[in-house]
2 protein chains.
Amino acid sequence: MKPTIHSVAQEAGVSISTVSKVIHNTGSISEQTRKKVFQAMNKLNYHPDVAAASLRGKKTKVIGLLVPDISNPFYAEVARSIEDRSRELGFNVMMCNTDNDAEKEKEYLSLLTSQRIDGIVVASAFRSTDLLEGLLEKGIPIALIASEIPKLSIDTVTVDDYQGGYLATSYLLSLGHKRIAIIVENVRSNIPRLEAFRDAMEEAELPILDGYIIKTEAMIQKGYEGARQLLSLQERPTAIFACNDLLAAGVIQAAKEMGFNIPEDVSVVGFDNTVLSTTTSPMLTTVAQPVKEMGAKVIDLLTKEMQTSKPYKERLLLSPELMVRQSTAALP
Amino acid sequence: MKPTIHSVAQEAGVSISTVSKVIHNTGSISEQTRKKVFQAMNKLNYHPDVAAASLRGKKTKVIGLLVPDISNPFYAEVARSIEDRSRELGFNVMMCNTDNDAEKEKEYLSLLTSQRIDGIVVASAFRSTDLLEGLLEKGIPIALIASEIPKLSIDTVTVDDYQGGYLATSYLLSLGHKRIAIIVENVRSNIPRLEAFRDAMEEAELPILDGYIIKTEAMIQKGYEGARQLLSLQERPTAIFACNDLLAAGVIQAAKEMGFNIPEDVSVVGFDNTVLSTTTSPMLTTVAQPVKEMGAKVIDLLTKEMQTSKPYKERLLLSPELMVRQSTAALP
DNA sequence: TTGAAAGCGCTAACAT
DNA sequence: ATGTTAGCGCTTTCAA
């Protein structure tokens with residue numbers, strides 16, 4: 001039998017409330033009693049039952065995490081940083097993969113709310129926001145990471161996507177490229193990246209040619225297909241900005257397969273700075289998101305929210321950094 | 001206020017036990033009452049509180065997952081497959097990163113046991129096994145995936161590591177390679193891979209040269225260092241078997257940097273068939289683990305164990321498959 | 001400084 | 001077919 005607070009009390013020859021006080025360091029107990037209780041806990045290898053404690057209004061020390069897909073290296077790194085910080089603060093993380101699918105998002109949300117979790121971190125797209133709104137109204141602490149929902153007042157941590165897109169585009173521009181194409185993922189975070197691309201091109205008084213903007217999903221295969229399409233164009237681009245590393249990896253594959261050299265014939269820039277960016281060949285020039293900091297920050301915001309529901313929400317935009325590697329070169 | 005079984009009962013004008021019966025479809029209730037209750041649940045948007053239910057001896061529907069590092073693509077894929085199957089069966093997954101560190105393993109185990117989880121899946125190394133033994137004795141369902149502890153009687157799902165190692169080595173042998181080196185990770189699962197390597201070499205009556213066996217950790221950087229070491233040898237290997245894709249990616253980097261062509265000068269074989277194996281250039285020949293099946297199987301074993309503690313444990317060895325890509329070639 | 005007792009939301013045995 | 005009731009392990013007044 002698992003030891004309970006009763007068995008500990010019995011073993012120590014005190015009442016259960018005394019044991020509870022010792023555990024939580026509340027009330028006042030004599031040094032002697034405290035020692036007895038600790039001994040009993042050790043002897044029985046007692047661990048308080050969090051479920052029972054949470055029934056009495058305490059917290060569960062569990063945080064729900066909704067990601068599109070943990071096997072996507074970017075989200076794996078996000079998850080890691082979140083779990084690290086959570087553990088430091090004594091929280092466990094419940095992992096949910098939504099595939100950005102509205103049905104799954106809904107299912108998980110209901111699953112999580114019946115699990116009495118203390119808060120939710122969302123990295124999933126949530127194209128339908130009413131569900132989140134509902135939880136927000138109920139006062140369940142929620143925070144967003146690497147995804148934004150502008151119309152909702154909600155704690156958010158993202159990289160500055162606009163700045164990232166601008167960084168990537170203007171770097172290609174500075175290299176002398178004029179025919180630059182972009183492959184974006186069809187999610188909210190990519191909108192500012194595309195916008196920055198447009199702005200940078202306009203500032204440089206350069207046109208975005210027909211068919212130079214491709215919207216697709218975050219898969220290597222999709223990047224591959226997009227690149228084949230772009231590189232088959234009459235006027236093919238000399239540089240491609242792929243809005244995440246997965247897409248960029250596909251672009252590199254396609255370009256090589258079609259006989260183009262990287263970076264001599266085509267420059268490629270990615271986004272995220274995942275492991276992939278160091279295993280492609282040439283290694284990928286990419287926009288780095290400060291994932292460690294983002295994960296830590298989002299948990300800090302969430303736990304702050306759990307303590308006292310703040311009247312205002314915070315929106316953190318961390319700065320991206322361009323990692324120049326070998327997939328980009330000056331136009332000859 | 002969160003609705004409780006009481007509020008539902010009141011709303012529906014019945015007793016709480018009737019509501020409970022409706023929820024669990026037990027006892028007998030009239031169609032009419034059932035409908036009333038469902039309506040009330042919907043109206044209040046009621047979700048049963050799992051914590052409270054679990055207090056009464058029911059299950060928590062939570063599975064703990066211990067992986068070394070979720071940001072390692074292999075474990076990310078393992079985690080994904082585990083979560084998928086868990087969700088199908090109505091379980092949530094609590095994610096824990098141990099870094100194969102004994103301290104963290106211990107901490108998480110104690111954290112998980114006080115969380116009243118229904119079972120634990122372990123992919124972490126657990127060099128010290130007494131902790132697991134303790135849980136096993138307590139009757140907590142545990143299952144291992146992609147890691148083995150031969151001396152413990154415990155449900156286990158792994159790829160046939162010996163066969164995988166044999167597959168890789170004999171493929172290189174069949175290509176005419178004679179000077180083959182190996183880089184292994186210093187964990188249990190790699191022991192049979194190394195053993196198979198030795199056996200295959202012996203059967204081919206080929207020696208394993210001095211310094212041709214390198215033991216290290218699963219990091220790109222370590223693979224890189226290992227390869228630099230190997231390729232600097234007087235008698236350098238013509239083929240390198242890296243016991244996971246991360247190491248193999250490092251090997252490819254080092255080889256290229258030193259001016260060797262792959263596969264012309266050096267053949268490289270990896271293990272795991274993660275995303276990385278398709279983003280390296282050339283793409284990596286590697287031993288594929290059937291991750292989807294492994295994840296599903298381990299959850300099936302675990303849930304079976306949760307229902308009735310079987311007197312015997314199962315050990316599943318799934319077959320690996322060699323994925324031949326472009327990093328290997330016949331010796332000229 | 002300590003202990004008794006009420007109840008958190010729920011299930012299940014037992015009554016009706 | 002439906003309701004009453006006794007806890008599950010714990011926290012937290014309140015009383016001693």
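To find a chain, count down the sequence lines: A is the first, B the second, and so on, and within it residues start at 1. Note: hydrogens, waters and symmetry copies are ignored here, and every other heavy atom, side chains too, is used.
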Got a donor-acceptor contact below 3.5 angstrom from the D118(B) side chain to the I63(B) backbone?
no
Rounded distance in Å - CD1 (I23(A)) to C1' (dG9(D))
11 Å
A side-chain contact here means heavy atoms from C-beta on lying under 4.5 Å apart; do N92(B) and L111(A) qualify?
yes
Output yes when at least one side-chain N/O atom of T33(B) is less than 4.0 Å from OP1 or OP2 of dT2(D), else no.
yes
Between T156(B) and I154(B), is there a donor-acceptor pair closer than 3.5 Å when you use the side chain of the first and the backbone of the second?
yes
Specify the separation, in whole Å, of atom CD of Q10(A) and atom C1' of dC10(D).
17 Å
Side-chain contact test, heavy atoms from C-beta onward, threshold under 4.5 Å: evaluate it for Y108(A) versus L131(A) and give yes or no.
no
When we call it a touch if two heavy atoms are under 4.0 Å apart, what does S20(A) touch: a base, just sugar-phosphate, or nothing?
base
Counting distance only, does the side-chain N/O of N100(A) pair as donor-acceptor with the main-chain N or O of A125(A) below 3.5 Å?
yes
Write out a two-atom table: protein N or O, nucleotide N or O from nucleotides 4-8 of chain D, distance below 3.5 Å.
| from | atom 1 | to | atom 2 | distance (Å) |
| --- | --- | --- | --- | --- |
| dT4(D) | O4 | S17(B) | OG | 3.1 |
| dG7(D) | N2 | R56(B) | NE | 3.2 |
| dG7(D) | N2 | R56(B) | NH1 | 3.0 |
| dG7(D) | N3 | R56(B) | NH1 | 2.8 |

Please report the distance, rounded to the nearest Å, between CD1 in I29(A) and P in dG3(C).
12 Å
Using whole Å, report how far CE of M41(B) lies from C1' of dC10(C).
14 Å
Separation of dT11(C) atom C1' from D49(B) atom CG, nearest Å, is 13 Å
In whole angstroms, how far is the P atom of dT2(C) from the CD1 atom of I5(A)?
15 Å
Worked verdict on D300(B) versus K304(B) for salt bridge (Lys or Arg N to Asp or Glu O under 4.0 Å):
CA-CA 6 Å; D300(B) 289 345; K304(B) 214 192 292 175; over 6 Å; no
Sorted by first residue and then second, give each salt bridge (charged side-chain N to carboxylate O under 4.0 Å, His left out) pair with at least one member in residues 13-26 of chain B; sequence neighbours left out.
none
CA sep, side-chain torsions, deciding dist, call: K292(B), E77(B), salt bridge (Lys or Arg N to Asp or Glu O under 4.0 Å):
CA-CA 8 Å; K292(B) 282 273 155 251; E77(B) 286 166 26; over 6 Å; no
Which dot-bracket notation, 5' to 3', represents the base pairing of DNA chain D when pairs are defined as Watson-Crick or G-U with both distances under 3.5 Å, crossing pairs as [ ], and inter-strand pairs as |?
||||||||||||||||
Closest listed nucleotide, where the reference is the side chain of S28(A) and the choices are dT2(D), dC10(C), dT1(C):
dT1(C)
Rounding to an integer number of Å, can you tell me how far Q32(B) CD sits from dA1(D) P?
12 Å
When you look at CD of E88(B), are more than 12 heavy atoms from neighbouring residues, nucleotides or ligands closer to it than 6.0 Å?
yes
